[in-house]
Amino acid sequence: TVTSTTGNIGNAAQFTAANAESLSRASSSDVQFGDTDFTLTTWVNAADLSVERTIVAKYLTAGDQRELVIRYVSSRFNIIVSPLGTSGLVSLNANNLGAPSAGVWYFLVVYHDSVSNTLAISATAAGSPSVTAFNTVAHSTGVFAGSGSFQVGAREATAYWDGAIDEVGFWRRVLTSDEITELYQGGSGKTCCPF
C-alpha cells in the first residue's frame with residue numbers, strides 16, 4: 001500500500017506507519033554487505049519523529065541474520081551494524097547534524113571503508129550550503145552478509161517509517177567527497193549519476 005508523493009527529486013515513496021508499510025527485496029549478493037567497501041545514500045522527510053523509525057534495514061533476528069539498520073532513534077539519525085549477525089553491534093549517530101525535524105528533507109550518507117576500517121554517517125538538511133561533516137567510528141570487523149531481505153521503511157515488521165523516502169542508492173565502494181557533493185546538489189538533489 002506504499003503510495004507516492006512529491007519527492008526532493010521527482011517522486012518519492014510515501015510510507016504511512018499506521019498502515020505498516022514497507023518495500024522489500026529478497027536477499028542476494030547484490031544487496032549483502034560483508035567486510036567490503038560500500039556507500040548508501042537516500043533523501044528522507046519524516047511526518048512524525050516521536051518514536052523510532054526505520055529508513056533502510058537488512059536485519060533479521062531469526063537465525064541471527066542481523067546486518068545493518070539506518071534509522072531515526074533518540075533524536076538522531078543512526079546506523080547500527082553487526083559483524084557477526086548475532087552480537088557485537090556497532091552504533092553511530094549523526095551527531096554533527098543534531099536533532100532533525102519533521103517536515104524537512106534530509107540527505108543521508110553512510111559508508112564503510114574496509115581499508116581504513118571506518119564506519120561513517122552524515123545527515124544534511126536540504127538547503128544547507130554543504131554536506132554536513134561525517135561522524136565516524138573505527139570498525140575493523142566489517143558487516144555480516146546475511147539472508148534477511150533488504151527493506152525500505154521498516155525493520156522486521158516494526159519501527160515503520162512515517163513520511164517520504166526518496167532516491168535510495170547503493171554502491172560497492174566509498175564515494176568520493178566530490179561525488180557526494182554532486183548527489184547533494186546544493187540541497188536540490190540529483191538522481192544517481194554515471195559513477
Side-chain donor-acceptor pair under 3.5 Å between [X] and [Y], yes or no?
X      : Y      : answer
Asp178 : Thr176 : no
Thr61  : Glu156 : yes
Ser114 : Asp37  : yes
Asn93  : Asn78  : yes
Glu21  : Thr1   : yes

Could you tell me whether a side-chain N or O of [X] sits under 3.5 Å from a main-chain N or O of [Y], the two making a donor and an acceptor?
X      : Y      : value
Thr42  : Asp166 : yes
Gln32  : Ser147 : no
Ser149 : Gln151 : no
Thr118 : Ser116 : yes
Asn95  : Gly98  : no
Asp162 : Ala17  : yes

Might you point out which heavy atoms bring [X] and [Y] nearest each other, and give the distance in Å?
X      : Y      : value
Trp161 : Thr54  : CB-O, 3.2 Å
Ser27  : Gly148 : CB-O, 3.2 Å
Thr132 : Thr124 : N-OG1, 2.8 Å
Ile9   : Glu167 : CD1-CG, 3.6 Å

Within one Ile-Leu-Val-Met-Phe-Trp-Tyr cluster: [X] and [Y], side-chain cutoff 4.5 Å:
X      : Y      : answer
Val174 : Val110 : no
Trp43  : Tyr72  : no
Phe38  : Phe134 : no

Discussion item. For Arg173, is there an ion pair with Glu179 - N to carboxylate O distance below 4.0 angstrom?
Written reply: yes
Discussion item. Glu52: which residues meet the side chain to side chain contact (heavy atoms under 4.5 Å, CB included) condition with it, sequence neighbours left out?
Written reply: Arg71, Val73, Arg155, Ala159
Worksheet item: Do the ring planes of Phe170 and Phe33 sit parallel (below 30°), tilted (30 to 60°) or perpendicular (above 60°)?
Response: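 Rings of Phe170 and Phe33: perpendicular, as their planes differ by over 60°.
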Item to complete: Show your reasoning for whether ring pair (Phe, Tyr, Trp, His ring centres under 6.0 Å) applies to Tyr106 and Phe77.
Response: CA-CA 10 Å; Tyr106 292 94; Phe77 289 119; 5.5 Å; yes
